[in-house]
Amino acid sequence: MGIIVVDLFSTLDGVYQAPGRADEDREGGFEFGGLQAPYFDKESGEAIGAGIDRLDAILLGRKTYDIFAGFWPTAPADDPIAARFNSVPKYVASRTLAEPAWAGTRVLADVASGVREIRERHDETHVIGSGDLFQTLLAEDLVDRLNLWLYPVTFGTGKRIFRDGTVPAAFAVAQPPRAFPKGAIWLVYERAGDVVTGVDIEAKRAET
């Protein structure tokens, strides 16, 4: 069985909206698009690129899908990210999309059953952005790994990864955190069962 990997690029205050381009997503009057570029360096680019090389399918929410479908099919053919995204199977969670324009796309009207099927079909399916879909996957316990890229900036506004209504979930560190020259930090987590709370910290300290 394969894994579902969620890739999120976030500010310190949890805003993931429009990381790539200034005009990527202005919903809600958002004016801070393009947060990644000032913190991009060779080392972080190579790490992100290695993750893209590993994926063999993409799963997106409808809003992110529309953004990607409007950009990547017309990107330069020699762009390695475009080549990868355009060639692998793509899945979009939507109850209203009838005829997806991006070649190689399949629409999932039932996310839970569809994603379980995807797990069986592909080794490593990546969810990129797609905050609403991420919440659904968490609720269905369908997030196997979380790649969280943190950038040293706060906006105070915009779409947030973890918001009211997020399902309680525990995670374990899957690899050592990695910091990059211009300030980005890469955190990798895997799901680790139920949240544990209500433990007296003094009692825990006494045990150690």
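Computed from a prediction, not measured in an experiment: that's the story for all the values here. Here, residue 1 is the first one in the sequence, and each next residue gets the next number.
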Non-neighbouring partners of Arg84 that pass side chain to side chain contact (heavy atoms under 4.5 Å, CB included), sequence neighbours left out
Ile52, Leu55, Val88

From CG (Asp13) to CZ (Phe155), nearest 0.5 Å
8.0 Å

Side-chain donor or acceptor of Ser44 paired with backbone N/O of Asp41 under 3.5 Å:
yes

Taking the side chain as every heavy atom from C-beta outward, state whether Ile48 and Asp7 have any pair of such atoms under 4.5 Å apart.
no

Answer whether the closest heavy-atom distance between the side chains of Arg116 and Leu142 falls below 4.5 Å.
yes

Using the rule that Ile, Leu, Val, Met, Phe, Trp and Tyr join whenever any side-chain heavy atoms are under 4.5 Å apart, tell me whether Leu60 and Val115 fall into a single cluster.
no

Just jot down the side chain to side chain donor-acceptor pair (under 3.5 Å) partners of Arg95, sequence neighbours excluded, or say none.
none

When every non-hydrogen atom of Asp141 is compared with those of Arg119, the smallest separation belongs to O-NH2, 3.8 Å

Just wondering, do Val15 and Thr157 contact through their side chains at under 4.5 Å, heavy atoms?
no

So do Thr166 and Gln135 actually touch side chain to side chain, heavy atoms under 4.5 Å?
yes

Thr96 meets the side chain to side chain contact (heavy atoms under 4.5 Å, CB included) criterion, sequence neighbours left out, with Arg62, Ser94

Enumerate donor-acceptor pairs with a distance under 3.5 Å from any side-chain N or O in residues 72-79 to protein atoms, sequence neighbours excluded.
{"unit_1": "Thr74", "atom_1": "OG1", "unit_2": "Phe71", "atom_2": "O", "d": "3.1"}
{"unit_1": "Asp79", "atom_1": "OD1", "unit_2": "Ile81", "atom_2": "N", "d": "2.9"}
{"unit_1": "Asp79", "atom_1": "OD1", "unit_2": "Ala82", "atom_2": "N", "d": "3.3"}

N/O donor to acceptor pairs below 3.5 angstrom from side-chain atoms of residues 169-187, sequence neighbours left out:
{"unit_1": "Lys182", "atom_1": "NZ", "unit_2": "Phe40", "atom_2": "O", "d": "3.4"}
{"unit_1": "Trp186", "atom_1": "NE1", "unit_2": "Asn147", "atom_2": "OD1", "d": "3.4"}

Considering non-hydrogen atoms only, spot the tightest contact between Ala83 and Ser87 and give its length.
O-OG, 2.9 Å

Should Val188 and Leu8 be counted in the same cluster of Ile, Leu, Val, Met, Phe, Trp and Tyr side chains packed under 4.5 Å apart?
no

side-chain contact (heavy atoms from CB on, under 4.5 Å) between Glu140 and Val111, intermediate numbers included:
CA-CA 9 Å; Glu140 296 289 342; Val111 172; over 6 Å; no

Working note: Arg145 + Val6, criterion side-chain contact (heavy atoms from CB on, under 4.5 Å); need CA distance, chi angles, decisive distance, verdict.
CA-CA 6 Å; Arg145 184 176 298 160; Val6 178; over 6 Å; no

Kindly indicate, with the supporting measurements, whether the criterion side-chain contact (heavy atoms from CB on, under 4.5 Å) is fulfilled by Phe32 and Val153.
CA-CA 11 Å; Phe32 299 103; Val153 63; over 6 Å; no

All heavy atoms of Asp123 vs all of Asp56, minimum pair found to be N-OD2, 3.0 Å

Suppose clustering is done on Ile, Leu, Val, Met, Phe, Trp and Tyr with side-chain heavy atoms closer than 4.5 Å. Which residues sit in the same group as Val5?
Ile3

Are Phe30 and Phe9 connected, step by step, through hydrophobic side chains (Ile, Leu, Val, Met, Phe, Trp, Tyr) whose heavy atoms are closer than 4.5 Å?
yes

More than 12 heavy atoms of other residues, nucleotides or ligands under 6.0 Å from OH of Tyr189: yes or no?
no

Charged N-O contact under 4.0 Å between Arg106 and Glu117:
yes

Same cluster (ILVMFWY, side-chain, under 4.5 Å), Ile67 and Phe85:
yes

OG1 of Thr64 to CD1 of Ile58: how many Å apart, nearest 0.5 Å?
11.5 Å

Side chains of Ile4 and Thr125 in contact at under 4.5 Å (non-hydrogen atoms):
yes

Got a sec, which residues hit side chain to side chain contact (heavy atoms under 4.5 Å, CB included) with Thr105, two or more places apart in sequence or on another chain?
Tyr65, Lys90, Val92, Pro100, Trp102

Answer yes if Ile118 and Val143 sit in the same cluster of Ile, Leu, Val, Met, Phe, Trp and Tyr residues linked by side chain heavy atoms under 4.5 Å apart, and no otherwise.
yes

Residues at least two apart in sequence or cross-chain that pass ring pair (Phe, Tyr, Trp, His ring centres under 6.0 Å) with Tyr91, listed by chain then number, are His122

Considering only residues two or more places apart or on different chains, which pairs with a residue in residues 15-26 satisfy side-chain hydrogen bond (donor to acceptor under 3.5 Å, both in side chains)?
Asp25-Lys159

Sequence neighbours left out, what passes side chain to side chain contact (heavy atoms under 4.5 Å, CB included) with Ser10? Give chain and number order.
Leu148, Leu150, Ile161

Check Arg163 with Asp132, please: is the shortest side-chain N to carboxylate O separation under 4.0 Å?
yes

Between Trp149 and Ala47, the two heavy atoms sitting closest are CH2-CB, 3.8 Å

Quick one: name the residues clustered hydrophobically with Val196, using the 4.5 Å side-chain heavy-atom rule over I, L, V, M, F, W, Y, and just say none if it's on its own.
Val199

Kindly write out the residues that satisfy ring pair (Phe, Tyr, Trp, His ring centres under 6.0 Å) with Phe162, not counting sequence neighbours, or none if the list is empty.
Phe134

